[in-house]
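The next block holds one structure in the form of structure tokens; read it before the comments.
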Amino acid sequence: MNKTDNLIMGLDIGSSKICCAICEIDGQGGLSLRGIGTSISGGLDNGLITDQEELQRAISRAISRAERESRVSTANVITNLPVKQIKFVKNVGIL
């Protein structure tokens, strides 16, 4: 598989399925879809990791399918995670 710097992978990890999309960024900042891969999610229950190994296998399946369809691979990844444990607190100030 070819690796290029103008590719980006979007990875959506959900409780029911995992989706992976590989896109190519053109010279003007536009995106062109190269490949999509999905997998039934495993190892998650309402945003909680219940089986880390099963979750890793499900993520790998989705990524492999997207890479096989696009015939490219990339290390540039944007990930969306279902995290139920995080609570947001409105705060005005400087950290």
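This is a predicted model, so every value here is computed, not measured. Side chains included, hydrogens not; waters and symmetry mates left out as well; all remaining heavy atoms used.
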Qualifying residues under side chain to side chain contact (heavy atoms under 4.5 Å, CB included), relative to Ile78, sequence neighbours excluded: Ile8
query: Under the side chain to side chain contact (heavy atoms under 4.5 Å, CB included) test, which residues partner Thr79, sequence neighbours left out?
result: Leu11, Ile13, Val77, Leu81
message: Is it true that Ser32 and Glu24 share a donor-acceptor pair across their side chains at a distance under 3.5 Å?
response: no
field: Euclidean distance, Thr38 OG1 relative to Lys17 NZ, rounded to 0.5 Å
entry: 6.5 Å
statement: CG (Asp51) and CD (Gln56) are apart, to the nearest 0.5 Å, by 9.0 Å
field: Nearest atoms (heavy-atom pairs only) where Ala58 meets Ser41
entry: CB-CA, 4.3 Å
query: Under the side-chain hydrogen bond (donor to acceptor under 3.5 Å, both in side chains) test, which residues partner Asp45, sequence neighbours left out?
result: none
Ile36: hydrophobic cluster co-members (side-chain, 4.5 Å): Leu33
Rounded distance [0.5 Å steps], OG in Ser73 versus CG in Asn76: 10.0 Å
query: Once you round to the nearest 0.5 Å, how far does CD1 of Ile59 lie from CD1 of Ile18?
result: 5.0 Å
field: Rounded distance (nearest 0.5 Å) linking atom CD of Glu67 with atom CG of Leu7
entry: 10.5 Å
- prompt: Out of curiosity, Cys20 SG to Glu69 CD, how far, rounded to the nearest 0.5 Å?
  reply: 10.0 Å
message: Restricting to side-chain hydrogen bond (donor to acceptor under 3.5 Å, both in side chains), what partner residues turn up for Glu54, sequence neighbours left out?
response: Arg57
task: Go through Leu44 and Ile49 one step at a time and tell me if the side chain to side chain contact (heavy atoms under 4.5 Å, CB included) criterion holds.
output: CA-CA 5 Å; Leu44 280 177; Ile49 297 174; 3.7 Å; yes
query: Can you name the residues that form a side-chain hydrogen bond (donor to acceptor under 3.5 Å, both in side chains) with Ser39, not counting sequence neighbours?
result: Arg61
